[in-house]
Amino acid sequence: MRARGLVNLRAVLAPVAAGMCVMAAAAAVLVPSLGGGAGEDGPGRGGAAAPAVTHRAYGPGAGRPGVAKCTARNAAESLRPSPDDGAAVSRIKEKGQLVVGVDQNTYRWGYRNPATGKLEGFDIELAQAVAEDILGPHPKVVFKAVPTSQRIPALQRRTVDLVVRTMTINCARKEQVAFSTAYFQAGQQVLAPKASKVTAFDDSLRGKRVCTAAGSTGESELSARRHGAKVLTVPNQLDCLVRLQLGEADAVVTDNALAAAQAAQDPAVELKGKPFTDEPYGVAMNKGDTDLVRRVNKVLDDYRGDGGADSRWMQAYRTWLEDDLPGISGPPSPEYSD
């Protein structure tokens with residue numbers, strides 16, 4: 001496992017406590033590229049995932065998506081993988097770079113390592129794998145930091161080619177953008193101070209100030225079931241941890257994968273109760289880029305491998321996530337609509 005700089009969030013946020021407000025920008029910010037010439041929910045709950053099923057019989061390079069009505073049961077279905085170049089993949093090759101919307105402040109997933117100044121994390125490694133497959137060794141990758149609420153607009157405006165940013169696949173979002181197969185399984189959960197009387201996503205939230213990111217599935221869940229809480233929305237999920245630390249919020253609702261990373265940053269907080277939703281993470285793309293969807297699914301097929309310990313997925317899991325989300329035996333199995 002590679003060495004990782006431990007993020008001391010309280011030290012980083014000391015200026016905030018002194019009165020300096022640090023909030024994420026509402027628009028995408030260009031992030032220096034990394035690497036060689038490069039510059040950021042399946043069955044089960046709580047991050048548990050079924051062993052991968054590998055599909056090597058690639059389908060056509062471009063085809064129309066499956067026409068079955070999207071439901072909670074089939075929301076994670078995507079187009080079968082293909083290595084063929086279509087219009088979107090050719091456009092990326094002609095540009096000579098892949099532009100990826102990512103997070104730069106979510107520990108373990110997509111964050112700037114204070115020791116190196118580089119973006120690192122599980123999502124960053126996956127984005128690099130996609131770039132290598134399309135552009136070859138040492139690809140040029142432009143990472144753009146995109147707030148939670150701007151992920152879909154960035155894809156629709158084509159300011160990014162794809163988004164790899166702990167983005168949950170669901171039917172409402174699939175009306176606006178396209179998704180790959182699921183590459184991680186998470187679930188919504190409550191994060192609160194260890195001494196808090198909040199116990200779970202239940203009536204213990206009544207009268208409490210609960211923070212969540214605008215445009216997140218946490219916001220959707222709180223809209224449907226508020227449990228008497230006062231809801232506070234912010235541009236990025238890390239802003240909720242800041243509000244929690246400053247005493248401006250009493251609890252946070254977010255994916256347990258993100259909450260576990262935040263608890264790793266601040267030992268004064270912990271996960272409360274159990275996950276109460278299924279949150280499959282997928283790579284998001286413009287809805288018209290069906291060939292890119294198939295190509296990303298081909299990359300994910302290779303990335304999962306046979307789900308064994310030597311697969312790239314398991315190597316990334318051990319490097320970035322195992323410390324905070326132990327016990328995951330493999331990636332979620334891909335599901336296809338055609």
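Side-chain contact between Pro81 and Tyr336 is present, with heavy atoms from C-beta onward closer than 4.5 Å. Annotation: side chain of Leu241 is not in contact with side chain of Val252 (no heavy-atom distance under 4.5 Å). Counting heavy atoms from C-beta outward, Ser82 and Asp291 have side chains that stay 4.5 Å or more apart. Counting heavy atoms from C-beta outward, Tyr281 and Thr168 have side chains that approach closer than 4.5 Å. Side-chain contact between Val99 and Lys144: present, with at least one pair of heavy atoms (C-beta onward) separated by less than 4.5 Å. Contact of the Leu238 side chain with the Leu258 side chain is not registered, since no non-hydrogen atoms from C-beta on lie closer than 4.5 Å. Counting heavy atoms from C-beta on, the side chains of Arg209 and Asp250 come closer than 4.5 Å. Inter-residue side-chain proximity for Val160 and Val100 is flagged as unmet; no heavy-atom pair is nearer than 4.5 Å.
Taking 4.0 Å as the cut-off between side-chain N and carboxylate O, Asp289 and Arg158 count as a salt-bridged pair. Ion pairing between Asp302 and Lys298 holds under the 4.0 Å rule for side-chain N and carboxylate O.
None of Arg80, Glu335, Arg304 except one satisfies the side-chain hydrogen bond (donor to acceptor under 3.5 Å, both in side chains) rule with Thr181; the exception is Arg304. Tested against Met167 for a side-chain contact (heavy atoms from CB on, under 4.5 Å), the candidates Ile152, Val146, Val283 yield a single pass: Ile152. Checking Asp84, Asp85, Asp338 one by one against Arg294, the salt bridge (Lys or Arg N to Asp or Glu O under 4.0 Å) holds for a single residue, Asp338.
Here the closest heavy-atom approach between residue Arg151 and residue Val163 is recorded as O-CG2, 4.0 Å. Ala309 and Met314 get closest at one heavy-atom pair: O-CB, 3.8 Å. When all heavy atoms of Ala72 and Cys171 are compared, the closest pair comes out as N-SG, 4.3 Å. Between Leu292 and Ala88, the shortest heavy-atom contact is CB-CB, 3.9 Å. In plain terms, the two heavy atoms of Leu205 and Ala251 that are nearest each other are CD2-CB, 4.2 Å. Residues Ala260 and Leu325 approach most closely at CB-CD2, 3.9 Å, considering heavy atoms.
A donor-acceptor pair is defined here as one N or O able to donate and one able to accept, closer than 3.5 Å; no such pair exists between the side chain of Asp133 and the backbone of Val130. Between the Asn170 side chain and the Ala75 main chain, no donor and acceptor come within less than 3.5 Å of each other. Listed for the Lys287 side chain is no donor-acceptor partner under 3.5 Å among the backbone atoms of Gln156. The backbone N or O of Ala261 sits nowhere less than 3.5 Å from a side-chain atom of Asp324 that would complete a donor-acceptor pair. Under a 3.5 Å cut-off, the side chain of Asp255 and the backbone N or O of Ala257 do not form any donor-acceptor pair. Asn297 contributes no side-chain N or O that, together with a main-chain N or O of Ser180, makes up a donor-acceptor pair within less than 3.5 Å. Asn256 places a side-chain N or O within 3.5 Å of a backbone atom of Gly187 that can act as its donor or acceptor partner. Checked by atom type and distance alone, the side chain of Ser311 pairs as donor or acceptor with a backbone atom of Gly308 at under 3.5 Å. Counting only distance, with no hydrogens or angles, the side chain of Arg295 and the backbone of Pro83 share a donor-acceptor pair below 3.5 Å. Listed for the Glu132 side chain is no donor-acceptor partner under 3.5 Å among the backbone atoms of Pro139.
Using the six-membered ring where Trp is involved, Tyr111 and Tyr107 have ring planes that are perpendicular, over 60° apart on the 30 and 60° scheme. Note on ring orientation: taking the six-membered ring where Trp is involved, the planes of Phe201 and Phe276 are parallel (angle under 30°, cut-offs 30° and 60°). Ring planes of Phe122 and Phe184: perpendicular class, angle over 60° (limits at 30 and 60°).
Taken from CG in Leu321 to CD1 in Ile328, the straight-line distance is 7.0 Å, to the nearest 0.5 Å. Within the model, atoms CG of Leu232 and CZ of Arg243 stand 5.0 Å from one another, a figure rounded to the nearest 0.5 Å. How far CG of Asp161 is from CE of Met285: 10.5 Å, rounded to the nearest 0.5 Å. For the atom pair CG (Asn286) and OG1 (Thr159), the distance works out to 10.5 Å, reported to the nearest 0.5 Å. The CZ atom of Arg318 lies 10.5 Å from the CH2 atom of Trp313; values are rounded to the nearest 0.5 Å. Atom CG of Asp123 and atom OG1 of Thr106 lie 8.5 Å apart (nearest 0.5 Å).
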Pair Arg165, Thr148 - check side-chain contact (heavy atoms from CB on, under 4.5 Å), show working.
CA-CA 8 Å; Arg165 194 188 183 286; Thr148 304; 3.2 Å; yes
Are Leu98 and Leu162 close enough, and set up right, to give a side-chain contact (heavy atoms from CB on, under 4.5 Å), and what steps lead you there?
CA-CA 8 Å; Leu98 182 69; Leu162 46 86; 4.2 Å; yes
Could you walk me through whether Asp323 and Arg108 pass side-chain contact (heavy atoms from CB on, under 4.5 Å), step by step?
CA-CA 10 Å; Asp323 289 349; Arg108 310 292 202 199; 4.1 Å; yes
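Legend: residues meeting salt bridge (Lys or Arg N to Asp or Glu O under 4.0 Å) with Arg173, ordered by chain and number and at least two apart, are absent. Qualifying side chain to side chain donor-acceptor pair (under 3.5 Å) partners for Lys230, counting only residues two or more places apart in sequence or in other chains: none.
Sorted by first and then second residue, the pairs that involve residues 185-267 and meet disulfide (SG to SG under 2.5 Å), not counting sequence neighbours, are Cys211-Cys240.
No hydrogens or angles considered: a donor-acceptor pair under 3.5 Å links the side chains of Thr217 and Gln188.
Other residues, nucleotides and ligands contribute more than 12 heavy atoms inside 6.0 Å of the NZ atom of Lys95.
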